[in-house]
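What follows is one structure encoded as structure tokens, with my remarks underneath.
First the proteins, then the strands, lettered A, B, ... as listed; each starts at 1. Hydrogens, waters and symmetry mates play no part in the numbers below; they use all other heavy atoms, side chains included.
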Amino acid sequence: VKMARLLQFKIAVVSTVLFVVCTNLVCCNNGRRVGDAMDTEFSGFSVPLEHSFEVDDVAKFKVRGALVLKAGREHSVSLTQNQLSEEDRAKLKEVAAVDGLYRIRVPRVFLQADRQTERQMDGYLTAFVRACAMVESHLSDVIALYSDVSGYLIGVSIVTLPGACRGTEVEDEVDLEVFNTTLSIMAPVNAPGPETALFLERMEQETEKKGKNPQEQKSFFAKYWYLILGGAIFLMATNSAQPPAGGEGEQS
Amino acid sequence: MAKLILLCLKFIILSSAVEAVFEDQVGKFDWRQEYVGKVRFSHFDTHVQSSKKVLLATENNVFAALNTRTGELFWRHVDKTGPEGNIDALLQHGQDVVLVVGNGRLLRSWEINVGGLNWEIVLDSGSFQSACLVGQQDNVKHVAVLKKTVISFHYLSNGHQKWIENLPESETVDYQSVYSDGNGEVYALGIVPHSHIAIVAYSVEDGEIIKQVTMIHTAWLSNIQASCVVISQGMLTCVDPLTVSLYMLDLHTESQMTQIPLQSLGLEVAPGFHPVLVSTQPNPGRQPLSEFFLQLGPDYYQLLQLNNGQIVTLRDFKPVRNNFSTLYEYLFSSLQASSLNLFSAETGRRLLDTTLIFNMDPYGGKPEKLHVQAFLKKDDSVGYRVMVQTEDHTLTFIQQPGRVMWTREEALSDVVTMEMVDLPLTGTQAELEGEFGKKADGLMSMVLKRLSSQLILLQAWIAHLWKLFYDARKPRSQVKNEVTIENLSRDEFNLQKMMVMVTASGKLFGIDSKTGSILWRHYLDNIPSNAAFKLMVQRTTAHFPHPPQCTLLIKDKDTGLATLHVFNPIFGKKSHVSPPALPQPILQSLMLPLMDQDYAKVLLLVDDQYKVSAFPSTKNVLQQLQEMASSIFFYLVDSTQGRLSGYRLRTDLSTELIWEVVIPAEVQKIVSVKGKRPNEHVHSQGRVMGDRSVLYKYLNPNLLAVVTESTDLHQERSFVGILLIDGVTGRIIHEAVQRKARGPVHVVHSENWVVYEYWSTKSRRNEFSVIELYEGMELYNSTVFSSLDRPHAPQVLQQSYIFPSYISTLEATLTEKGITSRHLLIGLPSGGILSLPKMFLDPRRPEIVSEQSREENLIPYAPELLIRTEWFINYNQTVSRVRGIYTAPSGLESTCLVVAYGLDIYQTRVYPSKQFDVLKDDYDYMLISSVLFALFFATMISKRLAEVKLLNRAWR
């Protein structure tokens, strides 16, 4: 049994101990059945992560590992999972060959509840990838859990890295033994509202800047006196040059 | 604030082009049609002989006056929607019409010549029962309004209340009707169901109770309005279906109810039919007529007369196939088949020369009501006109001897969904096209075919020339280019299309988008009242000789049972293709891009057993489906449980559940799920940034925008949630929550962006928010998009703006190739349609202007979106109660066709990037061609001169 790799969350040593406890329990159950969700003293609790891959595509979910969820301001999650047995490996390759699906599911839970009974809700959240993608990526998958505002788990997703099925043969059985899972739990982000405060601040800054700049403060005449003067001189010059012509023309 | 606006204005002026209609373009590319809705009350204006008005009050809370000569609106008043604006009663007297509005909340008087409001008063609360005009000696001065507990009396001239009285014993007695016949008394008729009638007579002068009778036992009577009328000299006449007899009571003497068995009159009631009485009071100041109708069966009316206390049968109208007759002064008409006759009420004899025969529209509904306007001709004979109201909400106005003056399709006031279909090619073009479609059969026949089609072309051309010549001799005004179904053909730029509109009443229309004329109509009967419609184009006109084909899915919302109506969208005819029977409730329908051998797209229907059936389901289709099954995915939404689930098709047409997302319904409910439009093209894969790098768009065609609203409506805790989910894998791409916000939310989802509008409870204003998705600086797989192979989540950018108005509906423009920039079309409650450039809703609008953002032409961020009057695409053509906007691309890349529908229908064209591919109307062809010719000749001459010069030089 190998630990799942966790990228985003710092896991304290204490919780590592917890994992060992979990995995022990898994071992006791012949590696097939993780007990139903259980409480721990660290307010985290665990739910089974199940998977299914069948040649005839009729879902038969079996336990893949246990998710330990921790509610809080920032939800956190960690995963302990079993290795794939030899027959499972063979089956997965078989399913991949017929372009079957690899499905996972987690039960619906409510993260914020205090008591065990309130957490569990009926129904599951399911997701899938193509089995061939699972095989070709050597079981490196990215699983994300999504919660809503109030802490209900609403969805799960699984993608593999790389995601494509290119038909490359996976020779080494060892590559399909251990899951290389990246796990995360996402809560909804707060959508931004209109940014009025910042905008007004910027406007004020701009007006202040304008106020400081003496060039801007000058009056109209102060700024363009030379143009006005030039224009006036020009007008006077043209008027004095030919005053009688226009007048006579009009009279006649 | 002023500075803010000023700055915004500056930016706008700098950044956007002015877009408006010139005065001479008004009505050139656009049209509007105004409707009123299904008629509830109608009155012909009779106080002036020459008047040509008919007053209508409708179920859509509209009060309007129509011109009886043309069918056009004189004026129209649109009240609030819903029960608040509901018109309960319409009473006409002379030039005034009194309306009771909103379950007796308001009493209004209108002047009918110009449609001005005379007065309006607010009535006391209480549910409205009945109202009548009260007069004395032909002098009508008052109106009486009966409510649950009070009766009030108002002056007709100014609405002031003359008196108001509480009704006695109103807790037990249900007062239902008010009656007056001009003798200074007003009667309130009430009933204790299955016990007795209560009659209270009030004095008109001061509201004093003159008489009060409560002890008339009528155990058989349960509803006065349904089974009683007042005839002649205040005889309350009721009909009892159980004992099959008439009961009569004199309101003035209140002696005893006399029972007259119908059998004694030799009449029989059709089994299972509740008999109905119909009477008429031509003048509120006088007594009602002593003649009245008794409807004894669905198509059987009997005319009766009260003569010296005795009831006499005058005439029976047995084969009245259609439902209604109206007693009108001393005349009435009956509708038999499609002929109308006028009878004298006094004698029951048919009047001479009053037969009116008209042709019923075979694609319309059955007549429901007749509104008859009778008048005396100059020679003292009786003439009449009639307005027929049919089941499909059509009004047809007919004049003797059967000339249809006009028809109004009021069903169009309630358009549910629509599509625009390309018009077919002309016959000759189609002939040429057909040449390539057919299979080749020998060289000789091909040559002959080509020659024949060339001949046809020549013939058409000569005919065209002849027509031009012929028309040129006629004066301008007579030359009309009437669009009919025969000469429909596609224009050069495909700007003229067929608008297929589906209305709530179940009537389908084909409307020419250029002129707005209705080219075909088809009424579907047996439409359930709560039906949901989905219109799909299965085959376009591009596959000659196969006719275009549209399919309408009609689903009963309660049972889920659905039917299909397959028709030709150009001619409206029902297709000979028989749709499959659908015995199971339908959950989902989807159009596949697959086509059968006849080029009809495949429609998949998923029933409640999650079994899939295909239409058309030929062998070819089933084979294709089997091959494609593993790549056909679909999703179902169950908004009551908040469940979104994805399914994949199996080769045996069953389905398998592959993903599930459950949004707990106790916290938030799904209000809308929007995918992208399948006919949308995106021209550019990315956006060029200021530093010349490219930011690639995340263009997932399977992306769904799911909008939720919180169930908690407290203004601090309410929120609007937005989820972007991949419809194939069920992966949540983005999940955001707009806090302190609530609906109604309007969403547009297109390209790589989602725009939504909501009400901010915190700031008490409407706000727009835009989400854009980008893959980043590199594309994962630039050739093909597959939801199954996109492991990296896109970058999400979001920005919000303040919008200074409520909105009714939201849609985005659509063009042929997607090169033209996009605009958002916003239907405002004021009746304007605003075309807002998408450029203003761009999350990359910078807070602080930098060199790079200027390079990219980004507008600096301003929190407020302004409404500029030039952006209204419908200038002064107000569109009342916009419910939806439909956009369709045209053959010109710059042009997008827009139809806004609600109570009115408005069609126009928009040019989001101006008409970059069209020469202007005033383009100077002469100048350009003369310059070209001049240059050409100049080169010729100079060439010649140069040659001569060279030759001369060579000789030297």
Compare all side-chain heavy atoms of [X] with those of [Y] and state whether any distance is below 4.5 angstrom.
X        : Y        : value
B:Gln798 : A:Pro192 : yes
A:Val149 : B:Val667 : no
A:Leu101 : B:Ile658 : yes
B:Trp659 : A:Arg105 : no
A:Asp148 : B:Glu735 : yes

To the nearest 0.5 Å, what is the distance between [atom1] on [X] and [atom2] on [Y]?
X        : Y        : atom1 : atom2 : answer
A:Cys165 : B:Leu788 : SG    : CG    : 8.5 Å
A:Thr126 : B:Glu660 : OG1   : CD    : 4.5 Å
A:Ile154 : B:Leu723 : CD1   : CG    : 5.0 Å
B:Asp789 : A:Thr160 : CG    : OG1   : 7.5 Å
A:Arg103 : B:Glu656 : CZ    : CD    : 5.0 Å

Contact origin within [X] toward chain A - heavy atom pairs under 4.5 Å:
X        : value
B:Arg765 : side chain
B:Arg739 : side chain
B:Glu666 : side chain
B:Phe768 : neither
B:Glu847 : both

Closest-packed option against chain A by number of heavy-atom pairs under 4.5 Å, given [options]:
options                                : result
B:Ile771, B:Ile663, B:Leu644, B:Ile732 : B:Ile732
B:Gly646, B:Ser645, B:Gly730, B:Pro664 : B:Pro664
B:Val737, B:Val661, B:Ile848           : B:Val737
B:Arg648, B:Arg650, B:Arg790           : B:Arg648

Under the rule for side chain to side chain donor-acceptor pair (under 3.5 Å), what residues qualify as partners of B:Gln738, not counting sequence neighbours? B:Tyr756, B:Tyr758
Quick one: what part of [X] sits under 4.5 Å from any heavy atom of chain B, side chain, backbone, both or neither?
X        : answer
A:Leu153 : backbone
A:Val189 : both
A:Ser52  : neither
A:Ala164 : both

Whether B:Tyr861 and A:Phe199 hold their rings parallel, tilted or perpendicular, with breakpoints at 30° and 60°: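 Aromatic pair B:Tyr861/A:Phe199 classed perpendicular.
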Can you list the steps and then say if A:Tyr152 with B:Gln668 is a side-chain contact (heavy atoms from CB on, under 4.5 Å)? CA-CA 11 Å; A:Tyr152 287 96; B:Gln668 48 190 332; over 6 Å; no
